[in-house]
A.B. asks: 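To start, I am sharing the structure in question, which I have written as structure tokens.
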Amino acid sequence: MDNNLLSAIETNWYGFVASIFVFAILFLLARKRIGFGTRVLIGLGIGLIAGIFFQYFDLETKAISTFGSIYVSLIRMLVIPLVFVLVLNSISSLTNLEYLRKIGIKTFAWFLGTTGIASIIGLSVALLFNPGQGIQQDVPADFAAREIPTFSQVILDLVPSNPVNEAATGKVVPLLIFAIFLAVAIIKIGSKKPEAVKPVRDLIESLTLVLHQVVKFIIRLTPYGVFALIAGITARYGWETLQELGSVIITSYVAMIIHFVLIFGGLVLLVAKVNPIRFLRKIYPTITVAFTTRSSYATLPVNLEVITKRLHVSPRIASFIAPLGASVNFNACGGIWPAIVAVFTAQVFGIDLNWTDYITLVLVSIISSIGVAGVPGPAVISTTVVLTALGLPLEGIAIVAGVEALIDMGRTAVNATGTAVTALLVANSEGEFDREAFNSDDDEDDILLSTV
């Protein structure tokens, strides 16, 4: 034990010292009331520089990565209670079920519609860039393709059988469905006997306030967590990996940027009728956290705060759409990425695809984005489903695995942004978007300016 501890100190002391030094800088910036979003970007920038430095000199980054893992663990701690309580609170506060049906249909229409468009964009960019041409890589010997769940298994995974067990194992979608059942029951009983459900409503409201306060505590750690996460990721990947599969990385990010700018920007401008630049300024904390954590669930608390406090969408719309989006909105994971991997795999293995295959690819991408909602690793499963539907070798997934983490950063940012866009569009159509507050505030709020 003593030797292990001594060895850890000897090999990681510089990472620990560097982390404490950067944390001190970020803390002083917070004390000087530098904006939250600015501090997050500063943490991101310092993390990139530190990661490049550590990678260049082949230094151990485990100490820095540990700080990042602690931040992700803290923020994931909130996911299960946050999803359950917020969905329960947002739906039970409704006066009738017709409203729930209406916003539910609109939400899924935007989720699936944008995923279909994302698939078309990914396919088009991949055909233009030809990321698989000239690539010659061996399939890893330990590669094992992920098994595609059967249709019946997908349905069973979505239906809650034991809510306590679902919560303990981190299954968000079944817990979300259970919360919907409870909320609908509260509405039904409340319409006939309001006094019978008043204690339950009061308890839910109190829990919501308490959870929001816990979220505030943890969100304040975001600049520190972002530094640690991005430094570890940057140090992990060298130029060799980037050079070998650079065409896949470039293709993926070009497709994601096009989707982000043209589709998200166009919807915000033409449908919600707000300034896309202002919208981007308001949601970049969500983008930064999603980019560094690579987890839609870990981004959920931040995204919820951004949607309600910075976009000024009503809490009941945000509390319904944000948890749902973290579970089923896969514009990049289910749309862009499977399309690019399919074209890449076809080119690497010399298989020709025709227009029928392209149409099948888009349709399967949309359908699979729903079916993998309750399955871990949705991007891998969606890609497996698409490759299988097109009759392509699953080994293509293994070839791109070396750079998937780098691409997953962008994928998660696109997914989280898509959820914020959908919340804005639905709230705007229901008259629950405070346009005046959106246009008049200074893009910062008290919670995001608070120091640690």
A.B. asks: Using every non-hydrogen atom in the two residues, find where Ser19 and Ile64 come nearest and quote the distance to one decimal.
C.D. replies: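 Closest pair (atom of Ser19, atom of Ile64, distance): OG-CG1, 3.2 Å.
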A.B. asks: What is the minimum heavy-atom distance between Ala228 and Gly68, and which atoms define it?
C.D. replies: CB-N, 3.3 Å
A.B. asks: Below 30° counts as parallel, above 60° as perpendicular, anything between as tilted: where do the rings of Phe84 and Phe178 land?
C.D. replies: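 Phe84 and Phe178: parallel rings.
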A.B. asks: Are the side chains of Tyr253 and Met409 in contact, using a 4.5 Å heavy-atom criterion?
C.D. replies: yes
A.B. asks: Nearest 0.5 angstrom please: Arg278 CZ to Lys282 NZ, how far?
C.D. replies: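 Result: 4.5 Å between the selected atoms.
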A.B. asks: Would the distance check show the side chain of Glu430 and the main-chain N or O of Ile103 forming a donor-acceptor pair, the cut-off being under 3.5 Å?
C.D. replies: no
A.B. asks: What are the two closest heavy atoms between Ala318 and Pro323, and how far apart are they?
C.D. replies: O-CD, 3.8 Å
A.B. asks: Less than 4.5 Å apart, any side-chain heavy atom of Leu100 and any of Ile187?
C.D. replies: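 No, every pair of side-chain atoms sits at 4.5 Å or beyond.
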A.B. asks: Return the orientation label for the Phe53 and Phe57 ring planes: parallel under 30°, perpendicular over 60°, tilted otherwise.
C.D. replies: tilted
A.B. asks: Distance from Thr38 atom OG1 to Leu29 atom CG, nearest 0.5 Å?
C.D. replies: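 That separation rounds to 9.5 Å.
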A.B. asks: Is there a donor-acceptor pair closer than 3.5 Å between any side-chain N or O of Arg294 and the backbone N or O of Thr412?
C.D. replies: no
A.B. asks: Mind running side chain to side chain contact (heavy atoms under 4.5 Å, CB included) on Leu269 and Val274 for me, showing each step along the way?
C.D. replies: CA-CA 5 Å; Leu269 176 64; Val274 300; over 6 Å; no
A.B. asks: How many angstroms lie between atom CG of Leu209 and atom OG of Ser206, to the nearest 0.5 angstrom?
C.D. replies: 6.5 Å
A.B. asks: Is there a side-chain contact between Ser314 and Ile317, using heavy atoms and a 4.5 Å cut-off?
C.D. replies: yes
A.B. asks: For the CG atom of Leu175 and the CD1 atom of Ile180, what is their distance to the nearest 0.5 Å?
C.D. replies: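 Reported value, rounded in 0.5 Å steps: 10.5 Å.
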A.B. asks: Begin with the C-alpha distance, continue with both residues' side-chain angles, and end with the deciding distance and a verdict on side chain to side chain contact (heavy atoms under 4.5 Å, CB included) for Tyr284 and Val40.
C.D. replies: CA-CA 9 Å; Tyr284 75 81; Val40 170; 5.6 Å; no
A.B. asks: What's the verdict on side chain to side chain contact (heavy atoms under 4.5 Å, CB included) for Val22 and Tyr224, showing C-alpha distance, side-chain angles and the deciding distance?
C.D. replies: CA-CA 8 Å; Val22 174; Tyr224 310 91; over 6 Å; no
A.B. asks: Whether the side chain of Ser247 engages the backbone of Pro131 through a donor-acceptor N/O pair (distance < 3.5 Å, no angle test) should be reported.
C.D. replies: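 Confirmed, Ser247 side chain pairs with Pro131 backbone.
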A.B. asks: Please report the shortest heavy-atom distance between Phe16 and Ala63, naming the atom on each side.
C.D. replies: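 Looks like N-CB, 3.7 Å.
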A.B. asks: Verify, without hydrogens or angle tests, whether Arg39 (side chain) and Leu26 (backbone) share a donor-acceptor contact under 3.5 angstrom.
C.D. replies: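 No; zero donor-acceptor contacts below 3.5 Å.
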A.B. asks: So, taking the atom named CD1 in Ile366 and the one named OG in Ser119, what distance separates them when rounded to the nearest 0.5 Å?
C.D. replies: 7.0 Å
A.B. asks: Side chain to side chain contact (heavy atoms under 4.5 Å, CB included) with Phe264: which of Ile283, Leu424, Thr422, Thr417?
C.D. replies: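 Exactly one candidate clears the test, Thr417.
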A.B. asks: Taking the six-membered ring for Trp and the single ring otherwise, decide whether the centroids of Phe67 and Phe23 are under 6.0 Å apart.
C.D. replies: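 Judged by ring-centre distance (under 6.0 Å), Phe67 and Phe23 do meet the cut-off.
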A.B. asks: For residues Phe320 and Val426, determine if any side-chain heavy atom of one lies less than 4.5 Å from a side-chain heavy atom of the other.
C.D. replies: no
A.B. asks: Leu82 versus Pro301: any side-chain heavy-atom pair under 4.5 Å?
C.D. replies: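 Of all side-chain heavy-atom pairs linking Pro301 with Leu82, at least one is under 4.5 Å.
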A.B. asks: Please confirm whether the backbone N or O of Ala416 pairs with a side-chain atom of Asn303, one donor and one acceptor, at under 3.5 Å?
C.D. replies: yes
A.B. asks: State the CD1-CD1 distance between Ile407 and Ile340, to the nearest 0.5 angstrom.
C.D. replies: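 The CD1 atom of Ile407 sits 7.5 Å away from the CD1 atom of Ile340.
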A.B. asks: Any side-chain heavy atom of Val313 sitting closer than 4.5 Å to one from Phe438?
C.D. replies: no
A.B. asks: Answer yes or no: is there an ion pair linking Glu404 with Arg411, defined by an N-O contact shorter than 4.0 Å?
C.D. replies: yes
A.B. asks: Which atoms form the tightest heavy-atom contact between Ile397 and Thr383, and what is the distance?
C.D. replies: CG1-CG2, 3.9 Å
A.B. asks: Would Leu78 and Val215 count as a side chain to side chain contact (heavy atoms under 4.5 Å, CB included) here? Give the steps.
C.D. replies: CA-CA 8 Å; Leu78 290 170; Val215 167; 3.8 Å; yes
A.B. asks: Do Thr292 side-chain atoms and Val289 backbone N/O form a donor-acceptor pair below 3.5 Å?
C.D. replies: yes
A.B. asks: Whether Arg310 and Glu305 form a salt bridge (side-chain N of Lys/Arg under 4.0 Å from carboxylate O of Asp/Glu) is what I want to check.
C.D. replies: no
A.B. asks: Which atom pair, heavy atoms only, marks the closest approach of Ala290 to Ala413?
C.D. replies: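 What the structure gives for the nearest pair is CB-CA, 3.7 Å.
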A.B. asks: Begin with the C-alpha distance, continue with both residues' side-chain angles, and end with the deciding distance and a verdict on side chain to side chain donor-acceptor pair (under 3.5 Å) for Thr222 and Tyr71.
C.D. replies: CA-CA 8 Å; Thr222 299; Tyr71 168 72; 2.9 Å; yes
A.B. asks: Flag the pair Val254 / Phe129 as yes when at least one side-chain heavy-atom distance between them is below 4.5 Å, and no otherwise.
C.D. replies: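 Yes, side chains in contact.
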A.B. asks: For residues Leu425 and Lys106, determine if any side-chain heavy atom of one lies less than 4.5 Å from a side-chain heavy atom of the other.
C.D. replies: no
A.B. asks: Can you tell me which residue pairs pass the side-chain hydrogen bond (donor to acceptor under 3.5 Å, both in side chains) test with a partner in residues 329-341, sequence neighbours excluded?
C.D. replies: Thr114-Asn331, Thr115-Asn331, His259-Asn331, Asn329-Asn331, Asn329-Thr419
